[in-house]
Structure formats: structure tokens, C-alpha cells
Amino acid sequence: MLYSAAVQNDAALRIGELSKRSGVSPELLRAWERRYGLLRPTRSAGGLRLYSLDDLERVREMRRHLASGLAAAEAAALVSRPAQVAEAGHGMADAARAELTDALDSFDEPRAQAALDELLSAATVDTLLTEVVLPYLRELGDRWERGEASVAHEHFASSVLRGRMLGLARGWGRGLGPLALLACLPGEQHELGLIAFGLALRARGWRVAYLGSDTPVETLTVAADSLRPAAVVVTAVTAARVRTVEAELRDLAARHRLAIGGAATVDGARAAGALVLTGDPVAAADELTLHQAAGR
Amino acid sequence: MLYSAAVQNDAALRIGELSKRSGVSPELLRAWERRYGLLRPTRSAGGLRLYSLDDLERVREMRRHLASGLAAAEAAALVSRPAQVAEAGHGMADAARAELTDALDSFDEPRAQAALDELLSAATVDTLLTEVVLPYLRELGDRWERGEASVAHEHFASSVLRGRMLGLARGWGRGLGPLALLACLPGEQHELGLIAFGLALRARGWRVAYLGSDTPVETLTVAADSLRPAAVVVTAVTAARVRTVEAELRDLAARHRLAIGGAATVDGARAAGALVLTGDPVAAADELTLHQAAGR
Amino acid sequence: MLYSAAVQNDAALRIGELSKRSGVSPELLRAWERRYGLLRPTRSAGGLRLYSLDDLERVREMRRHLASGLAAAEAAALVSRPAQVAEAGHGMADAARAELTDALDSFDEPRAQAALDELLSAATVDTLLTEVVLPYLRELGDRWERGEASVAHEHFASSVLRGRMLGLARGWGRGLGPLALLACLPGEQHELGLIAFGLALRARGWRVAYLGSDTPVETLTVAADSLRPAAVVVTAVTAARVRTVEAELRDLAARHRLAIGGAATVDGARAAGALVLTGDPVAAADELTLHQAAGR
DNA sequence: ATAGGTTTTGTCAAGCTTTTGTACAT
DNA sequence: ATGTACAAAAGCTTGACAAAACCTAT
């Protein structure tokens with residue numbers, strides 16, 4: 001009794017026996033091992049394959065999958081599948097970004113929207129921005145520099161993302177939090193980063209008033225004097241844009257708390273009396289929020 | 001809106017299927033359309049008529065009237081025309097525009113959004129555009145010329161409206177209708193009219209791909225060659241913008257159906273071999289739709 | 001759904017097997033993919049198409065549409081594309097509610113989610129709540145009283161909506177606004193209204209800490225002492241629930257600003273020294289926000 | 001109702017690659 | 001036992017075709 005039980009559990013079948021019991025030829029068993037890693041038999045001293053009863057069960061499962069119409073590679077993949085439950089955590093962002101990239105590359109707006117929908121029902125706006133949208137924009141910029149993406153792609157992607165982000169922005173002027181007045185400096189057309197920044201601020205309890213791209217500083221000043229925001233934030237991609245209006249910005253900074261984001265050089269901004277926000281839009285929003293929480 | 005936007009919702013029947021289900025021959029269906037405007041099917045990208053289930057119901061009603069002894073013209077006149085869907089009272093538009101103006105003038109985004117929300121729950125997108133948004137924009141322009149509105153107001157209002165309209169634009173690339181590729185010419189920043197135009201096209205069954213402001217003609221050409229739209233529509237506020245790129249536009253017009261909207265002079269556009277769309281965005285959408293239905 | 005994710009879970013069929021199971025020839029399957037994007041199979045390392053069981057379902061749906069008389073292009077456009085709520089002509093909110101009702105009644109969670117997705121891109125959270133979710137809940141209650149809706153329907157709808165609303169609630173504890181501490185009184189299980197209230201507060205700039213259903217007052221007090229919220233809000237559907245813990249609530253009200261929502265009688269709440277919030281969750285949020293803005 | 005042209009859509013073919021069971025030589 | 005080879009089966013892409021269904025205009 002003890003004996004037979006031990007044999008049952010540890011049974012070491014040679015390939016001929018496994019073949020007989022499973023009805024699969026030895027050659028094919030070896031091929032499946034080599035090609036798909038379906039089995040991992042131990043070896044006898046002489047090098048013979050020794051299989052367990054588990055292995056027999058795996059072979060039978062393989063046959064069932066084959067009989068149901070799956071091809072060998074897919075059948076084997078299903079057998080060897082350990083317990084691949086939710087990898088939802090990290091792979092999701094990558095998968096989503098890939099899907100978004102693919103959709104936007106083929107000018108497929110509905111698919112891009114669907115990918116964003118899917119994401120939004122499982123993640124915060126912050127996560128959406130840091131994990132998907134901002135990395136996508138960086139990647140798009142890189143590809144554009146390498147000549148792998150056309151200007152048309154960039155325009156199309158910008159439009160879709162801008163529309164979506166402005167959709168998320170709805171109502172960002174409401175509430176009890178401190179007010180941030182946002183604008184791009186004159187000549188500046190890239191507003192996606194600024195909108196992302198606004199969304200990140202909103203997620204941190206701010207109210208947002210948004211003036212958009214290419215805003216004259218005078219315009220900005222008028223709005224600031226009227227709204228009395230807790231912070232005025234402008235972006236500029238190049239330092240030159242900041243220098244051109246440095247004097248005006250200094251005036252503005254004298255009357256309101258001013259911050260500058262984007263790639264503008266630190267020096268130019270400092271000269272204008274502004275707080276410099278470094279890093280991506282979400283990091284910048286954290287920075288400004290800290291500053292606000294501390295400085296009042 | 002002239003007829004129900006539910007077309008996009010419903011199964012899209014071709015004329016043969018509608019004929020089978022209604023028992024009316026395709027020829028007669030076309031005749032009723034031509035003579036009495038009984039139906040206004042959307043069109044597929046290739047020009048085929050696409051009917052909704054509402055349309056089927058309308059044809060059946062027509063047959064009942066005929067069976068009861070009415071002449072065709074009278075029967076058709078009795079069939080409930082979708083055009084007659086009652087819009088909310090007329091005073092509502094004025095009141096809404098006043099509310100919107102007031103809210104935007106005081107930089108109050110939430111109130112502006114609320115006004116738009118309210119409108120949208122009682123009116124079609126077309127009505128929103130023709131009765132409220134476009135008049136508001138004209139009025140804002142006038143006030144700006146008279147010095148009664150600041151640039152800040154204009155920027156703020158633009159941002160809010162653009163965000164809202166792009167929200168409504170979501171999914172406008174989806175569906176069965178002909179595809180329109182939209183872009184602003186180089187140097188052109190005012191995209192609100194173009195977005196409104198896109199929304200109006202969408203309500204008429206088109207699919208829309210949108211490239212946004214300040215689009216180089218070369219970019220546009222790349223996108224057009226890739227997407228093969230039924231129409232490429234560009235806008236330019238000044239004739240100068242058109243002249244600058246006239247040669248390139250002529251090239252584009254040789255390969256795709258090109259239309260120009262905005263305030264561009266007729267001459268410049270004609271010289272470029274483009275169809276000229278006059279009037280406001282909604283009228284222009286009607287015009288292009290007619291042209292599309294006829295011109296193939 | 002992002003296809004790539006689904007493939008991981010499902011058996012991976014090659015085109016021949018999909019063809020056998022669906023009765024559609026491989027050539028046609030490829031043509032449908034190319035022409036209408038009906039399927040989006042992953043690829044094996046060698047380039048073979050790998051389909052999921054979802055894909056099989058889509059092909060079957062396609063065939064059903066074809067059998068019903070639709071042409072291929074239209075059939076494909078309908079597959080897995082739920083009604084486009086946002087395009088409904090008049091009364092967007094009504095159409096959306098109808099779609100939501102229909103989806104939830106047929107236990108079709110994906111369709112319900114899609115309807116909510118669509119809405120959220122064209123309306124604020126406030127509008128979603130006041131125009132769609134809350135009316136839907138009232139309607140469901142009515143139908144339940146009339147015996148037209150089963151307990152199963154109510155459970156299903158509740159869990160879908162709760163999940164979605166909690167999704168929207170993500171991150172609502174972060175930021176700069178005043179903090180509201182939310183809980184249902186002991187014995188109270190209906191938390192949907194309270195979550196809606198929290199969302200409305202969030203849209204008004206509050207931070208929210210949420211304790212959920214059936215919270216002992218003592219627990220609540222401990223949390224309040226630790227968090228020092230600007231307001232503590234509890235809900236109870238019946239006045240009896242309030243009376244039972246009236247003494248404890250009076251203690252709590254002595255140390256924190258306390259508000260009571262739901263159908264609790266005004267008297268009971270007043271006796272407990274609490275602010276009474278009347279009306280639906282959104283109105284209640286307005287009320288509390290006004291109170292907060294005034295009272296500091 | 002017909003004529004003359006276009007769009008749609010299922011099917012097929014040519015030329016090449018991948019997959020997979022089996023066979024064979026070492 | 002191992003490694004290589006091989007051939008049938010199944011797939012892939014591109015391009016094209018023809019019948020059916022639709023279009024406009026007369």
C-alpha cells in the first residue's frame with residue numbers, strides 16, 4: 001500500500017510509456033518539448049527522459065486543446081499558462097499607450113477616444129497624464145525629430161488630445177480652492193502642456209481660469225487684475241519668448257504671484273521675478289500646490 | 001437641424017433594404033424624396049443613401065395615407081417631418097445668449113458651462129450653434145472693435161467655447177458618412193468657426209478628421225492622401241492667407257475635392273480651384289452637403 | 001476594451017479555426033478586417049493572426065446583422081458600437097437616461113459604461129448626476145414600488161453605478177479645499193446618494209473623506225477628531241435612524257460642524273444640533289458650499 | 001422605365017512565409 | 001537521444017475581378 005502510493009505520485013514514465021498512455025508519438029513529444037517547452041522531464045543517469053503523471057496530464061490537456069481546434073503553439077501556450085491573473089497595474093499603461101499611439105497614427109479618432117475611455121474608467125486624471133498622455137507626447141516629439149512621424153500626425157494627435165483634455169477640464173473654474181490663471185506667452189502655440197498642468201492643478205483642488213495660447217502679457221494683466229488669482233502661470237518653450245516680454249512680466253510679477261513653466265531658462269524667469277516650475281506638468285502642479293500651501 | 005440626428009444611432013439601411021421592409025420600390029422612394037422631400041437620408045462615403053428606422057416608419061405612414069385615398073403630395077405633407085421637431089421656445093435662445101455673455105464677461109466658467117448644459121438639454125447642436133454660439137462670437141467681435149471687450153475676454157471666451165465644442169466633437173470620426181478633412185491655413189489661429197463647421201457637418205452625417213489651426217498645406221496634403229476624404233475644407237479669415245499658398249492649394253485641389261470657408265475672397269479661392277463656402281458655418285455645412293449629394 | 005488585454009485571457013484562435021467556428025471564410029474575415037476594421041487580431045511572432053473569443057462574438061454579431069438585411073459596411077459599423085448617446089438630437093439627457101435604463105435593465109454592463117462614457121465627455125459631473133443618474137435612481141425606485149423592476153435589477157444597477165461613481169471619486173481626498181467627512185448612519189445601506197453628494201462637493205472644490213455605509217457614530221467621531229474636517233455630513237433615509245443616535249450626534253455636533261442629508265426629518269436633525277441639507281445631493285452640495293463660503 | 005456609370009463586396013489567384021508532424025542520419 | 005531536414009497545410013499580402021446593388025439623368 002505504502003509502496004504503490006509512492007509509485008503513483010512519483011511515477012517516472014519513460015517516453016515510450018508516456019507515448020502509449022497519451023497516444024502521442026515520442027518524436028512529437030520531443031518536438032513539443034523543444035518548440036514550446038511543454039514538458040520538462042527529469043533525466044535518468046543515462047540521459048533518458050523521465051516524466052511524471054503531471055506531465056501526462058499536461059499532454060492530455062494539450063490534446064484536448066488540439067482537438068478543439070487550436071493550433072499547436074496556442075494550445076501549448078494555454079497549457080503552460082501558470083496563473084497569469086491581473087497584471088492590470090503596470091502593463092495597462094503601456095498597453096494603453098501602445099493602443100493610443102496606434103490609433104492616432106492611423107488617424108483613427110474613435111479608437112483613440114475608446115482607449116482614453118478605457119483608461120479613464122480605471123485611473124485618475126493624474127495617472128492618465130503621467131503614464132499615458134505626457135509620455136505619448138514626448139514620444140511623438142522624438143519620432144518627429146527622427147522623421148518618423150509627419151506634421152499631419154502631430155496636428156491630428158494634438159487636436160484629439162486637446163479636445164479630450166478640455167473635456168476633462170469642464171468646470172475647472174468652479175469651487176472653493178485658490179484660483180490659478182493660465183496662459184501661453186505671445187507666440188506660443190503649444191498649449192497641451194499647459195492644459196495638462198491645469199488638469200493636474202484641478203485635481204489638487206485649485207480653480208482654473210484659462211486664457212489659451214498666444215496671449216499678450218497686457219491681456220494677461222487685465223485678466224489678473226480683474227480675477228485676483230492666487231497664482232498666474234505662463235508657459236514658454238523657448239527662453240527667447242520670455243526675454244521679449246521680460247519687462248512686462250516683471251510688472252505683472254510685482255502685482256501678482258507669477259510662475260513660469262515650460263522649457264524657459266531659469267535665468268530669464270528669475271529675472272522676471274517669477275517662480276520657476278521645473279519638470280513635467282504634473283510635477284509642476286505639485287510644486288505650485290506646495291508653494292501655495294506653505295506660502296499663505 | 002433639418003432632420004433627426006438619430007440616423008447615426010440607428011441601423012443604417014440601404015435603399016434596397018428599405019424597399020423590402022416598406023414594400024415601396026427604390027425608384028419610388030427616390031421619387032418621393034425628390035418630389036416631396038419625404039426622406040433625407042444621409043449618404044455613405046460613396047454616395048449611397050443610408051436610411052434610419054425612423055425613415056422606415058415615415059414611409060409606412062406615407063403608405064397608410066395613400067391607402068386611405070389621399071394623393072401623394074397631400075400624403076407626404078401629412079407625414080410627420082423630422083424638421084418639425086419642436087425646439088424649445090424662441091425666447092430661450094436670447095435668454096441663453098444673454099446668460100452666456102454675462103458669464104463669460106465676468107470670467108465665470110462654471111456659469112457659462114451651466115448655461116451651455118441647460119441649452120444642450122433642450123436644443124440640438126445646430127440650434128446651439130446658430131442661435132447662441134455663433135451670434136455670441138459675432139457680438140464679441142463687434143464689441144471688441146468698439147473697444148468694449150478686452151482681448152482677455154476674447155481669449156477666455158474662446159477657450160471655454162472651444163473646449164466645450166471639442167467635447168461635443170468627440171467621436172465625430174466614427175460612422176458611415178463621407179469623410180471631411182478640416183484644417184486652418186497657415187497662420188490662421190481662429191479655429192472656432194471651423195470646429196462649429198465640423199459639428200454642423202457631423203449633424204448631417206459626415207465623419208470628420210480635424211487637424212486644427214495653423215496647418216501647413218503640405219501637412220494637409222499628406223493627411224488627405226492617406227485618408228482620401230470626400231472633401232478637404234480649409235478656412236482663412238483673410239484673403240492674403242489664401243494667396244500665399246495658392247499654388248500649393250491648386251495642387252491639392254487637383255487631387256482632392258477642396259473647399260474654402262471663412263472670409264476669404266471668392267477670387268482667391270476660385271483661383272485655387274476650390275469650392276467657395278459662403279455664410280456662417282452651419283450654412284456652409286448645408287452647402288457642402290448639398291454639393292456632396294449632387295456632385296458625383 | 002483594449003484588445004491586447006483580452007487576448008491574454010482568451011484562447012487564441014487562428015484564422016482557420018475562427019472561420020470554422022463562425023462560418024465565415026478566411027478571405028472574407030481578412031477583407032472585413034481590411035475594409036471595416038471589424039477585428040483587430042494580435043499577431044504571432046511569425047505574423048499569423050490570433051483571435052480571441054470576443055472576436056468570435058463580434059463576427060457572429062456581424063453575421064446576425066447581415067442576416068437581418070444590413071449591408072456589410074453598415075453591419076460592421078454597428079458591431080459592438082453601442083448607441084451614440086451624445087448625438088441624439090433633442091434632450092440629450094433624456095436620450096442618455098433612456099440608453100442607460102435600457103442597458104441596465106438588460107444587465108448589459110458594458111453598454112451602460114459606454115453610455116456613461118459618452119455622457120461624461122459632453123457634460124459635467126454635475127449634469128450627469130442631476131440629469132441622468134439621480135433621475136434614473138428615482139425612476140428605478142418608482143418602478144420597483146410598482147413591481148416593474150426586480151431586486152436583481154436594483155442590485156445590478158446599484159453596483160454598476162456605485163463602481164462608476166467611485167471611479168470618478170478617485171483622488172477626491174487630495175488638494176487644497178476644505179475637507180468634508182462623509183458617512184451613512186448605522187443601519188443605513190444606501191450609499192449612492194452619499195457618493196453623488198461627495199462628487200458634487202468635489203466638483204465644488206472640496207476634499208472628501210468617505211467612510212461608507214453603516215458607520216457607527218463613535219467611528220465617525222474618532223475620524224473627525226483626527227481629520228478635523230470643515231464639515232461632517234451624514235445621511236439617513238429614515239428619521240428613526242437619526243433618533244437612535246441623537247445623543248451621540250449632539251456630542252459630535254458640539255465638536256464639529258455637522259450636517260445631515262437624506263430624508264431624515266428636520267426635527268430630529270435640528271435636535272441633534274446639525275445643519276439640515278434638503279433636496280437632492282447636488283442641491284445639498286451647493287447648500288453646504290454656500291454655508292462654508294459664508295461661515296468662515 | 002431605361003441607359004450608362006459607380007460603389008460595394010464576396011471571391012480568387014499568385015508568390016512567399018510560417019507552422020508542424022514526421023522522417024532520417026548520427 | 002539529438003539535431004536537421006522536409007513537405008504538407010495553413011497563413012500572409014497584394015491585386016484584381018465580377019455580380020449585385022445603387023447612382024444620376026433622360
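All heavy atoms count here, side chains included; hydrogens, waters and symmetry mates do not. Letters A, B, ... are given to chains in the order of the sequence lines, protein chains preceding strands, and every chain is numbered from 1. Here the structure is a predicted model, which is why all the values come from computation and not from measurement.
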Whole-Å distance between [N] [atom2] and [X] [atom1]?
X	N	atom1	atom2	result
B/Glu33	E/dT24	CD	P	8 Å
C/Glu17	E/dA9	CD	P	18 Å
C/Leu50	D/dT19	CG	C1'	12 Å
C/Leu13	E/dG11	CG	C1'	15 Å
B/Lys20	E/dA20	NZ	C1'	11 Å
B/Arg30	E/dC22	CZ	P	8 Å
B/Leu28	E/dC22	CG	P	15 Å
C/Glu27	E/dC17	CD	P	18 Å

inquiry  = Is there a side-chain contact between B/Arg204 and B/Asp286 in this structure, where contact means two heavy atoms from C-beta onward sitting under 4.5 Å apart?
reply    =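 Result yes, sub-4.5 Å side-chain heavy-atom pair found.
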In terms of the nearest nucleotide of DNA chain E, which residue is placed more toward the 5' end: A/Arg34 or B/Ile15?
->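 On the 5' side of the pair lies A/Arg34.
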Practice task
By nearest nucleotide on DNA chain E, pick out whichever of B/Arg49 and C/Leu48 is the more 5' one.
Solution key: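 Its nearest nucleotide lies further toward 5', so the answer is C/Leu48.
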[X] side chain N/O closer than 4.0 Å to the phosphate oxygens (OP1, OP2) of [N]?
X	N	answer
C/Tyr36	D/dT8	no
C/Arg43	E/dT13	yes
C/Ser44	D/dT19	yes
A/Trp32	D/dG21	yes

Check your understanding: Does the D/dG21 base have a donor-acceptor partner in the side chain of A/Arg35 within less than 3.5 Å?
Key ->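 Answer yes: a donor N or O sits under 3.5 Å from an acceptor.
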Distance-only, no hydrogens or angles: does the A/Glu99 side chain make a donor-acceptor pair with backbone N or O of A/Ala115 under 3.5 Å?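 No.
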Donor-acceptor pair, A/Thr101 side chain versus A/Arg97 backbone, under 3.5 Å?
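Yes, the answer is positive, given that a donor and an acceptor are paired below the 3.5 Å cut-off.
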side-chain contact (heavy atoms from CB on, under 4.5 Å) evaluation trace for B/Leu220 with A/His155: CA-CA 10 Å; B/Leu220 188 55; A/His155 267 243; over 6 Å; no
Regarding A/His153 and A/Ser150, is there a side-chain donor-to-acceptor distance under 3.5 Å anywhere?
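A pair is found: one side chain offers a donor N or O, the other an acceptor, under 3.5 Å apart.
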Give one of base, sugar-phosphate or nothing for C/Arg14, where a contact means two heavy atoms less than 4.0 Å apart.
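Here C/Arg14 touches the backbone only, sparing every base.
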| query | Pick the nucleotide of DNA chain D nearest each of C/Ala45 and C/Ala31; which residue has the one closer to the 5' end? | reply |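 It is C/Ala31, whose closest nucleotide lies nearer the 5' terminus.
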